[in-house]
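Take a look at the structure set out below.
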Number of protein chains: 2
Amino acid sequence: MRPENIRVPALPPMPGPDHGDCKAVASVLARVGDKWSVFVIMMLIDGPRRFNELKRMINGISQRMLTLTLRGLERDGLVTRTIFPTIPPRVDYELTDLGRGLAEPVKALGEWAIAHLPEIEGARSKFDTRNE
Amino acid sequence: MRPENIRVPALPPMPGPDHGDCKAVASVLARVGDKWSVFVIMMLIDGPRRFNELKRMINGISQRMLTLTLRGLERDGLVTRTIFPTIPPRVDYELTDLGRGLAEPVKALGEWAIAHLPEIEGARSKFDTRNE
DNA sequence: CTGTATCCATTTCGATACTG
DNA sequence: CAGTATCGAAATGGATACAG
């Protein structure tokens, strides 16, 4: 049997051509999926905000979750954290260029959500009543 | 004191003008944020798919999570579920018009994620090494 | 083939208390 | 003001077994 006739076994664990990025992309989408990340990004579109300012704007968020959300956004390079060593201390959070770029598709998604909310809620209640 | 001088107390539990939609919009965003919903929507863009077909395409998803994800999408009116009473049984899932509409901004978000993945991963490792 | 039911580990998150 | 630390409740998700 000559080399050109050797059969190479298929490669089973390779579902699609873009699977290499799959987990990585998922990690980015997960950030957007975080309940609070989107709200924080929205609140920062108009300019920098202080910690408690954000806390008041977002209404239901706990101090803990705001801290964790901001740390996550900072880690991904989406917001900057600026400390003013005054007393009382002051910390400003601001979107980076990257963060402002992300805000665009996020805003589009949010606008779609608002526009189609009636349809979705209708579908939901219809589905729920159909199954008691 | 005349009527025009009466002071109306401020309304404390009303953080912003768009707060009424806040919880509702969040519930839509939460669906997109679901780890698997976005992948399922992507897989359905090209046309209807069967249950196990989706399961194979998505690679890491468990049977349980695929069922739950599809039920959620169906409940929101984003996919339809068509049963063919053959044996063995066959069930097709397909995007509705609403679902195809949602796919647009979702795709934009996914493309942004892929395009800026290097920046984000760079920011992450930088952040992680800076904090040991 | 297309699910449902159950169990269990892990993660997530809110409440609370405390620090510089 | 801007966090950190800790705890327990709840949600999430995988594995497995079973059913129509």
Side-chain angles (χ1 to χ4, degrees), chain A residues 13 15 22-23 26-27 29-40 43-44 48-76 79-94 127-128 130-132, chain B residues 13 15 22-23 26-40 43-44 48-76 79-94 127 130-132:
Chain A
C22 235
K23 286 188 295 292
S27 76
L29 262 40
R31 171 109 7 263
V32 175
D34 271 5
K35 189 178 176 185
W36 300 115
S37 293
V38 171
F39 289 124
V40 172
M43 297 300 105
L44 290 177
R49 297 287 182 183
R50 301 181 58 172
F51 184 86
N52 272 358
E53 205 173 354
L54 287 170
K55 185 158 176 352
R56 274 188 300 272
M57 293 172 86
I58 297 183
N59 174 271
I61 195 169
S62 66
Q63 192 175 40
R64 179 187 139 87
M65 288 322 295
L66 182 54
T67 299
L68 290 175
T69 301
L70 287 167
R71 287 292 177 284
L73 293 171
E74 189 194 356
R75 177 172 183 260
D76 286 0
V79 309
T80 56
R81 180 165 173 267
T82 310
I83 306 171
F84 300 90
T86 58
I87 60 170
R90 168 191 178 140
V91 180
D92 272 16
Y93 293 91
E94 186 171 14
F127 182 95
D128 291 346
R130 231 190 36 208
N131 307 55
E132 286 87 55
Chain B
C22 234
K23 285 188 295 292
S27 76
V28 176
L29 263 39
R31 171 115 358 270
V32 176
D34 271 3
K35 189 178 177 184
W36 301 114
S37 293
V38 171
F39 290 122
V40 172
M43 298 299 105
L44 290 177
R49 297 286 182 183
R50 300 181 58 172
F51 185 85
N52 271 0
E53 205 173 354
L54 287 170
K55 185 159 176 349
R56 276 189 299 272
M57 293 171 84
I58 297 184
N59 174 270
I61 196 169
S62 67
Q63 192 175 43
R64 178 187 140 88
M65 288 324 303
L66 181 54
T67 299
L68 259 42
T69 301
L70 287 168
R71 286 294 175 285
L73 293 171
E74 189 193 356
R75 176 171 183 261
D76 287 0
V79 310
T80 56
R81 180 165 173 265
T82 310
I83 305 172
F84 300 90
T86 60
I87 62 168
R90 168 190 179 142
V91 181
D92 273 15
Y93 293 92
E94 186 171 15
F127 182 93
R130 232 191 33 210
N131 306 59
E132 286 87 53

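Small disclaimer: the values here were computed from a predicted structure and weren't measured. Protein chains get the first letters and strands the later ones, always in sequence-line order, with residue 1 at the start of each. Only this structure's heavy atoms are used, side chains among them; waters, hydrogens and symmetry mates stay out.
- The closest side-chain heavy-atom distance from B:Thr67 to B:Phe51 is below 4.5 Å.
- Taking 4.0 angstrom as the limit, B:Arg71 places a side-chain polar atom (N or O) nearer than this to OP1 or OP2 of C:dG3.
- Distance, A:Leu66 CG to C:dC13 P: 13 Å, rounded to whole Å.
- To the nearest angstrom, C1' of C:dG3 lies 15 Å from CG of B:Asp92.
- With rounding to whole Å, A:Ile83 atom CD1 is found 16 Å from C:dG20 atom P.
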Pull out every protein N or O sitting under 3.5 Å from an N or O of nucleotides 10-14 of chain D, one pair per line with the distance.
residue, atom, partner, partner atom, Å
D:dG13, N7, B:Arg64, NH2, 2.9
D:dG14, OP2, B:Ser62, OG, 3.3
D:dG14, N7, B:Arg64, NE, 3.4
D:dG14, O6, B:Arg64, NE, 3.4

Discussion item. Does B:Leu70 form a side chain to side chain contact (heavy atoms under 4.5 Å, CB included) with B:Val40? I'd like the steps, not just the answer.
Written reply: CA-CA 8 Å; B:Leu70 287 168; B:Val40 172; 3.8 Å; yes

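- Here the straight-line distance linking atom CG of B:Asn131 with atom CZ of A:Arg71 works out to 9.0 Å at 0.5 Å rounding.
- If you measure from atom CG of B:Asn131 to atom P of D:dG3, you get 14 Å, rounded to the nearest angstrom.
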Write out a two-atom table: protein N or O, nucleotide N or O from nucleotides 17-20 of chain D, distance below 3.5 Å.
none

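- A straight line from CG of A:Leu54 to P of D:dC1 spans 13 Å, rounded to a whole angstrom.
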Discussion item. Under the criterion side chain to side chain contact (heavy atoms under 4.5 Å, CB included), I'd like the reasoning laid out for B:Val28 against B:Arg31: C-alpha separation, chi angles, the key distance, then a yes or no.
Written reply: CA-CA 5 Å; B:Val28 176; B:Arg31 171 115 358 270; 5.7 Å; no

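- Within the 4.5 Å cutoff, the side chain of B:Phe39 has no heavy atoms near those of the B:Leu54 side chain.
- Protein atom CG of A:Asn52 is 5 Å distant from nucleotide atom P of D:dC1, rounded to whole Å.
- When all heavy atoms are compared, the tightest approach of B:Glu53 to B:Arg50 is OE1-N, 2.9 Å.
- Distance check, rounded to the nearest 0.5 Å: CE of B:Met57 to CE of B:Met43 gives 5.0 Å.
- Contact check, A:Arg81 against D:dG3: a side-chain N or O comes under 4.0 Å of OP1 or OP2.
- Closest non-hydrogen pair, A:Tyr93 versus A:Leu44, comes out as O-CD2, 3.4 Å.
- Note on A:Arg50: every side-chain N or O is 4.0 Å or more away from OP1 and OP2 of D:dC1.
- If you take NZ of A:Lys55 and P of D:dC1, they are 11 Å apart, rounded to a whole angstrom.
- B:Leu68 has its CG atom 15 Å from the P atom of C:dT6, to the nearest Å.
- Here B:Tyr93 lies in heavy-atom contact (under 4.0 Å) with sugar-phosphate atoms only.
- Nearest heavy atoms, B:Thr86 versus B:Pro88: OG1-O, 2.9 Å.
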